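This report concerns only the one structure given below.
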Amino acid sequence: QVQLVESGGGLVQPGGSLRLSCAASGSGASIRTMGWYRQAPGKQRELVATINNYGGTNYADSLKGRFTISRENAKNMVYLQMSSLKPEDTAVYYCYAFKLTTCWGQGTQVTVSS
């Protein structure tokens, strides 16, 4: 089982930036894919971005250009750099990792408000 812990969420002004981090532990093998989902109040959970173990990335079309995903394989870490944040970005952001199955973190709250 892969254990995931997110950090970096908080309250930010519109137009501001945040960097989310996710640390993975408990796996002796490489994690194929890591990424981020988010869930806003009253909405379904949606994919934000993914990155595989070769560096290939995928982004939600609406977020491309504002959000950047990266990972450090040796540290089992994945990051999400968010900029130009909007109130509609307010959500709980969840880290996930896929190897043989999908594992989820508990989430970190991002609130964009003046």
Side-chain angles (χ1 to χ4, degrees):
Q1 291 287 328
V2 177
Q3 305 296 317
L4 302 171
V5 180
E6 303 99 330
S7 62
L11 176 64
V12 64
Q13 297 269 7
S17 299
L18 283 174
R19 188 181 74 156
L20 306 183
S21 300
C22 176
S25 63
S27 177
S30 297
I31 300 171
R32 181 175 297 173
T33 304
M34 299 186 72
W36 297 89
Y37 279 69
R38 70 182 185 182
Q39 188 165 24
K43 297 185 180 296
Q44 292 184 312
R45 186 174 296 188
E46 63 178 356
L47 185 145
V48 175
T50 64
I51 184 166
N52 65 26
N53 55 330
Y54 299 103
T57 59
N58 186 40
Y59 295 90
D61 288 341
S62 63
L63 303 178
K64 190 174 296 184
R66 294 195 297 120
F67 289 15
T68 302
I69 190 170
S70 61
R71 70 186 286 178
E72 298 182 58
N73 292 338
K75 297 181 180 180
N76 293 314
M77 298 284 292
V78 64
Y79 307 94
L80 184 69
Q81 179 67 48
M82 305 183 292
S83 63
S84 301
L85 285 164
K86 306 173 181 179
E88 54 262 42
D89 294 319
T90 296
V92 177
Y93 285 72
Y94 297 91
C95 178
Y96 83 92
F98 177 79
K99 190 165 61 175
L100 298 178
T101 187
T102 300
C103 300
W104 296 93
Q106 294 190 99
T108 185
Q109 175 70 234
V110 172
T111 303
V112 185
S113 176
S114 60

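Note that the coordinates shown come from a computational prediction; the quantities given were computed from them, not determined experimentally. Heads up: numbering here begins at 1 and tracks the sequence.
Between Tyr94 and Leu20, the closest side-chain pair of non-hydrogen atoms is not below 4.5 Å.
Among residues two or more places apart in sequence or in another chain, the salt bridge (charged side-chain N to carboxylate O under 4.0 Å, His left out) test is passed with Lys75 by Glu72. Take Arg32 and apply the salt bridge (charged side-chain N to carboxylate O under 4.0 Å, His left out) test, not counting sequence neighbours, and it matches no residue. Checked against side chain to side chain contact (heavy atoms under 4.5 Å, CB included), Ser17 has the following partners two or more places apart in sequence or in another chain: Gln81, Ser83. In this view, Tyr96 and Tyr37, Trp104 satisfy the ring pair (Phe, Tyr, Trp, His ring centres under 6.0 Å) rule, not counting sequence neighbours.
The side-chain hydrogen bond (donor to acceptor under 3.5 Å, both in side chains) pairs that include a residue from residues 41-60 are Arg38-Glu46, where partners are two or more places apart or lie in different chains. Applying the disulfide (SG to SG under 2.5 Å) test to every pair with at least one member in residues 45-80, sequence neighbours left out, gives no pairs at all. Within the structure, disulfide (SG to SG under 2.5 Å) pairs that include any residue of residues 54-114 comprise Cys22-Cys95 (at least two apart or interchain). Within the structure, the salt bridge (Lys or Arg N to Asp or Glu O under 4.0 Å) test picks out the following pairs touching residues 47-71 (sequence neighbours left out): Arg66-Asp89.
Shortest non-hydrogen contact noted between Pro41 and Thr90 is CD-O, 4.2 Å. Closest approach of Ala60 to Leu47, counting heavy atoms only: CB-O, 3.5 Å. Contact detail for Val2 and Ala97: the closest heavy-atom pair is CG1-CB, 4.3 Å.
For the atom pair CG (Leu85) and CZ (Phe67), the distance works out to 5.5 Å, reported to the nearest 0.5 Å.
Residues Val12 and Leu80 are members of one and the same hydrophobic cluster, defined by side-chain heavy-atom contacts under 4.5 angstrom among Ile, Leu, Val, Met, Phe, Trp and Tyr.
Other cluster members for Met77: Tyr79, joined by side-chain heavy-atom distances under 4.5 Å among Ile, Leu, Val, Met, Phe, Trp and Tyr.
Considering Gln39, Met82, Glu6 in turn, Met82 is the only one that fulfils the side chain to side chain contact (heavy atoms under 4.5 Å, CB included) rule with Tyr93.
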Enumerate, atom names and distances included, each donor-acceptor pair closer than 3.5 Å involving a side-chain atom of residues 105-114, sequence neighbours excluded.
{"unit_1": "Thr108", "atom_1": "OG1", "unit_2": "Gly9", "atom_2": "N", "d": "3.2"}
{"unit_1": "Gln109", "atom_1": "OE1", "unit_2": "Thr111", "atom_2": "OG1", "d": "3.4"}

